[in-house]
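Encoded as structure tokens, the structure appears first; notes follow it.
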There are 2 protein chains.
Amino acid sequence: MKRIADSTVRRLSMYLRYLEDLDTRGQQTASSDELAHLCGTTPAQVRKDLSFFGSFGKRGLGYPVHELTAHLREILGLQREWKVLIIGAGKIGAALANYRGFRQRGFTVAGVYDNDPNKVGQPWGEAIVRPMDALEADLNRDDAPIAVLAIPAEGAQAVVDRLVKAGVRAILNFAPTQITVPPHVNLKSVNMAMELEGLSFALTNPGYLDEGAA
Amino acid sequence: MKRIADSTVRRLSMYLRYLEDLDTRGQQTASSDELAHLCGTTPAQVRKDLSFFGSFGKRGLGYPVHELTAHLREILGLQREWKVLIIGAGKIGAALANYRGFRQRGFTVAGVYDNDPNKVGQPWGEAIVRPMDALEADLNRDDAPIAVLAIPAEGAQAVVDRLVKAGVRAILNFAPTQITVPPHVNLKSVNMAMELEGLSFALTNPGYLDEGAA
DNA sequence: AGTTGTGAACACTTTCACAGCT
DNA sequence: AGCTGTGAAAGTGTTCACAACT
């Protein structure tokens with residue numbers, strides 16, 4: 001099976017976003033040119049990305065909006081519900097859970113965990129914060145969810161090890177530290193500090209980077 | 001001036017993080033091999049990245065930890081203070097401002113802005129939430145800060161246009177939408193929904209991606 | 001005429017491998 | 001002997017350009 005680039009998957013996600021918009025507005029078809037403009041990429045890129053998964057367009061016409069939306073949802077695995085475990089009852093997890101698109105795309109909070117005795121037992125959205133110790137007992141290996149790691153860097157790897165042992169196969173890491181997982185586990189890291197430092201670099205060294213990139 | 005890859009800058013940021021750790025523990029030198037292991041990359045990559053900016057290492061010995069730390073801080077532009085404007089007095093901005101490393105690296109919250117009348121005037125960390133209308137009047141063109149955009153997708157581009165007009169030259173965007181800026185403005189976007197969908201894709205299509213990547 | 005789908009060209013990034021310094 | 005610095009090679013992702021189709 002041919003390997004697909006991470007950047008491609010991110011663009012698919014973006015195409016879906018804008019196709020849903022167009023679909024809602026009742027637009028029937030969209031050309032690669034239109035999609036490219038909406039998503040800030042090039043028509044050729046759009047066509048390459050989509051052609052990886054099939055021939056969804058009609059020459060001379062463009063892509064059928066509604067149909068392509070459905071295809072992308074299926075490709076991205078968004079036709080089902082994904083249970084998400086929030087590790088760390090702080091602001092980041094809350095920001096994610098609050099976000100409208102989170103539920104809309106089929107992600108539901110299956111549980112919130114924290115070590116802080118002041119937080120455990122407190123309501124958190126529609127859930128109650130559970131103690132971190134309860135992690136393993138709560139997890140059902142047959143329906144292991146996605147875990148969002150929103151705790152400080154210290155101890156993050158230890159928690160990840162526990163999650164992996166408990167059957168979690170996908171982790172979105174917000175802890176500003178390097179995490180390692182076995183090859184069968186999917187890990188994505190978002191490091192806000194790193195992004196800010198990237199801006200600091202760009203402002204400090206104009207010309208090293210071509211500016212204006214997203 | 002030779003262009004530098006975005007991925008390189010992100011790795012520099014990571015090297016700095018771990019070098020600071022080593023420095024605190026009093027370690028004198030570190031080899032590219034050691035740094036690579038800490039940061040989850042390869043020794044050759046470390047050497048290439050660093051060699052872009054100079055010859056900081058000593059053959060046979062490795063890199064002087066303290067000295068390299070200082071070099072990296074300077075390269076990344078972290079020897080000065082960066083004022084950061086938080087646009088949107090919600091959870092994301094709060095998460096960022098709460099993060100210890102934020103201040104440690106010289107980023108300080110210069111102001112928090114929101115449209116919500118219930119939030120305006122309320123304390124937010126050490127600041128008071130200001131009305132969005134006050135943006136232009138508050139901004140000093142000579143000392144334009146970095147803006148963190150933590151508002152919903154709707155209206156995000158309009159706010160960006162105002163920020164740019166007011167002299168902001170770097171924006172960290174958390175709004176889940178495509179933003180465009182003129183070429184002299186630096187934009188970085190973090191899209192949590194997109195990351196989660198990437199995990200959904202990976203879980204749904206094992207084999208398309210090589211797993212276990214960070 | 002208009003737009004897709006795609007092999008080939010190009011550009012960029014990472015890895016290799018080794019000369020050269022300490 | 002050990003480790004850096006780097007040109008060359010390999011690998012990966014993007015853009016081009018055009019044949020094929022509606």
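Numbered from 1 within each chain, the chains take letters A, B, ... in sequence-line order.
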Please test A:E154 against B:R100 for salt bridge (charged side-chain N to carboxylate O under 4.0 Å, His left out), starting from the C-alpha separation and ending with a verdict.
CA-CA 12 Å; A:E154 301 76 36; B:R100 198 171 349 107; 3.6 Å; yes
Atom pairs, protein N/O to nucleotides 19-22 of chain D N/O, distance under 3.5 Å:
residue	atom	partner	partner atom	Å
D:dA20	N3	A:R59	NH1	2.8
D:dT22	O4'	A:R59	O	3.2

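- In this structure, of D:dG5, D:dG13, C:dG5, it is D:dG5 that holds the atom nearest to the side chain of B:S55.
- When the P atom of C:dT15 is taken as reference, atom CG of B:D33 falls 14 Å away, rounded to whole Å.
- For B:S31, no side-chain nitrogen or oxygen approaches OP1 or OP2 of D:dG2 to under 4.0 Å.
- The OH-C1' distance, from A:Y63 to C:dT3, rounds to 9 Å in whole Å.
- In this entry the distance linking NE2 of B:H71 with P of D:dT4 reads 15 Å, nearest Å.
- Here the C1' atom of nucleotide D:dG13 and the CZ atom of A:R3 are 11 Å apart, to the nearest Å.
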Apply side chain to side chain contact (heavy atoms under 4.5 Å, CB included) to residues A:R105 and A:L16 and explain how you reach the verdict.
CA-CA 11 Å; A:R105 290 284 167 87; A:L16 175 58; 4.0 Å; yes
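- Atom P of nucleotide C:dG7 and atom CZ of A:F52 are separated by 13 Å, given to the nearest angstrom.
- Counting only residues at least two apart or on different chains, the salt bridge (charged side-chain N to carboxylate O under 4.0 Å, His left out) pairs with a member in residues 82-98 of chain B are B:K83-B:D143.
- Taking both residues in full, the closest heavy atoms of A:S13 and B:E197 are given as OG-OE1, 2.5 Å, listed atom of the first, atom of the second, then distance.
- For residues 13-27 of chain A, proximity to DNA chain C is found at no residue, defined as any non-hydrogen atom under 4.0 angstrom from a strand atom.
- Considering only side-chain N and O atoms, B:S32 lies nowhere under 4.0 angstrom from the phosphate OP1 or OP2 of D:dC3.
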Could you go through B:T204 and A:L78, starting from their C-alpha distance and side-chain angles, then the distance that decides it, and tell me whether this counts as side chain to side chain contact (heavy atoms under 4.5 Å, CB included)?
CA-CA 9 Å; B:T204 308; A:L78 298 175; over 6 Å; no
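- If you take CG of B:L68 and C1' of D:dT4, they are 13 Å apart, rounded to a whole angstrom.
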Could you summarise the pairing of DNA chain C as dot-bracket text, marking Watson-Crick and G-U pairs under 3.5 Å with ( ) or [ ] inside the strand and | across strands?
||||||||||||||||||||||
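- Looking at residues two or more places apart in sequence or on another chain, you find a side chain to side chain contact (heavy atoms under 4.5 Å, CB included) between B:L38 and B:Y18, B:L22, B:E34.
- Between A:D161 and A:K165 there is no salt bridge, since no side-chain nitrogen of the basic residue lies less than 4.0 Å from a carboxylate oxygen of the acidic one.
- Side-chain polar atoms of A:D23 and A:Q27 form no donor-acceptor pair below 3.5 angstrom.
- A:D114 places a side-chain N or O within donor-acceptor distance of the main-chain N or O of A:A89, the cut-off being under 3.5 Å.
- Residue B:D6 contributes atom CG, which lies 16 Å from atom C1' of C:dA11 at whole-angstrom precision.
- If you measure from atom CD of A:E67 to atom C1' of C:dT4, you get 15 Å, rounded to the nearest angstrom.
- Against DNA chain C, the stretch residues 34-51 of chain A makes heavy-atom approaches under 4.0 Å through A:R47, A:K48, A:S51.
- Using a 4.5 Å heavy-atom threshold, the side chains of B:P43 and B:L35 count as separate.
- With hydrogens and angles left out, the side-chain atoms of A:E20 and A:T69 include no donor and acceptor closer than 3.5 Å.
- By the 30° and 60° cut-offs, the orientation of the rings of B:F56 relative to B:H71 is tilted.
- When side chains are defined from C-beta on, B:V159 counts as touching B:L163, because their heavy atoms get closer than 4.5 Å.
- Of the N and O atoms on the side chains of A:E81 and A:T108, at least one donor lies less than 3.5 Å from an acceptor on the other residue.
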